[in-house]
Amino acid sequence: MQYLISVVDERTGSATEEEMAAITKFNEQLQADGHWVFAGGLSSPSDATVIDGRGEEPIFTDGPFLETKEYMAGFWVFEADDLDVALKLAAGASKACNRRLEVRPFL
């Protein structure tokens with residue numbers, strides 16, 4: 001089973017050197033334990049483009065779909081046997097990056 005772990009933040013690229021070192025160590029452990037699928041940071045929501053292709057012509061709109069103080073600043077995709085394992089891994093990820101996280105299973 002795979003899980004999306006979203007990093008919730010108010011800023012982009014805000015990790016300190018110490019946080020980046022902890023994230024790197026955490027990622028290395030995920031890889032060693034076979035839970036690593038993919039991870040990455042995201043640029044600011046102001047860099048987003050929203051696309052609505054439901055009509056005859058697609059509509060492209062600059063900026064985020066929703067205006068909100070917090071947003072998804074990065075993510076991990078974990079491989080885990082069940083939700084309990086994913087939540088335990090996410091708790092470690094939250095500690096490493098010093099941010100709140102949201103965990104959602106892929107369908």
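Listed by chain and number, the residues in a side-chain hydrogen bond (donor to acceptor under 3.5 Å, both in side chains) with D33 are Q29 (sequence neighbours excluded). Residues meeting the side chain to side chain contact (heavy atoms under 4.5 Å, CB included) test with A22, sequence neighbours left out: A96. Legend: residues meeting side chain to side chain contact (heavy atoms under 4.5 Å, CB included) with S46, ordered by chain and number and at least two apart, are S44. Listed by chain and residue number, E79 satisfy the side-chain hydrogen bond (donor to acceptor under 3.5 Å, both in side chains) test with Q2 (two or more places apart in sequence, or in another chain). Take R11 and apply the side-chain hydrogen bond (donor to acceptor under 3.5 Å, both in side chains) test, not counting sequence neighbours, and it matches no residue. With sequence neighbours left out, S43 forms a side-chain hydrogen bond (donor to acceptor under 3.5 Å, both in side chains) with D47.
To the nearest 0.5 Å, atom CE of residue M1 and atom CG of residue D81 are 11.5 Å apart. To the nearest 0.5 Å, atom NZ of residue K25 and atom CE of residue M20 are 15.5 Å apart. Residue I59 holds its CD1 atom at 9.5 Å from CD of E57, rounded to the nearest 0.5 Å. In this structure, M72 CE and L4 CG are separated by 6.0 Å, a value rounded to the nearest 0.5 Å.
Residue pairs meeting the ring-ring contact (aromatic ring centres under 6.0 Å, His included) criterion with at least one partner in residues 30-50, sequence neighbours excluded, are F38-F75. Contacts classified as ring-ring contact (aromatic ring centres under 6.0 Å, His included) and involving residues 3-32 (residues at least two apart or in different chains) are given here: F26-W76.
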Residues 84-94 side chain polar contacts: donor-acceptor under 3.5 Å, at least two apart:
from: S94; atom 1: OG; to: R99; atom 2: O; distance (Å): 2.7

- List the steps, then state whether side-chain contact (heavy atoms from CB on, under 4.5 Å) holds for S6 with L101. CA-CA 5 Å; S6 304; L101 305 179; over 6 Å; no

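Panel note: side chain E19, backbone T16; a donor-acceptor pair is recorded below 3.5 Å.
Pairing each heavy atom of D62 with each of T49, the nearest pair is OD1-OG1, 4.3 Å. Considering all non-hydrogen atoms of both residues, T12 and L42 come closest at CG2-O, 3.3 Å.
Cluster membership for V77 and V8, using ILVMFWY side-chain heavy atoms within less than 4.5 angstrom, is not shared. Put simply, V7 and Y71 are part of two different groups of oily side chains (I, L, V, M, F, W, Y) that touch within less than 4.5 Å, one to the next.
Looking at F78 and V37, their side chains never come closer than 4.5 Å, going by heavy atoms from C-beta outward. Residues D52 and F60 are not in side-chain contact: their nearest non-hydrogen atoms beyond the backbone lie 4.5 Å or more apart.
Side-chain contacts under 4.5 Å among hydrophobic residues (ILVMFWY), followed directly or transitively, place L107 with no other residue at all.
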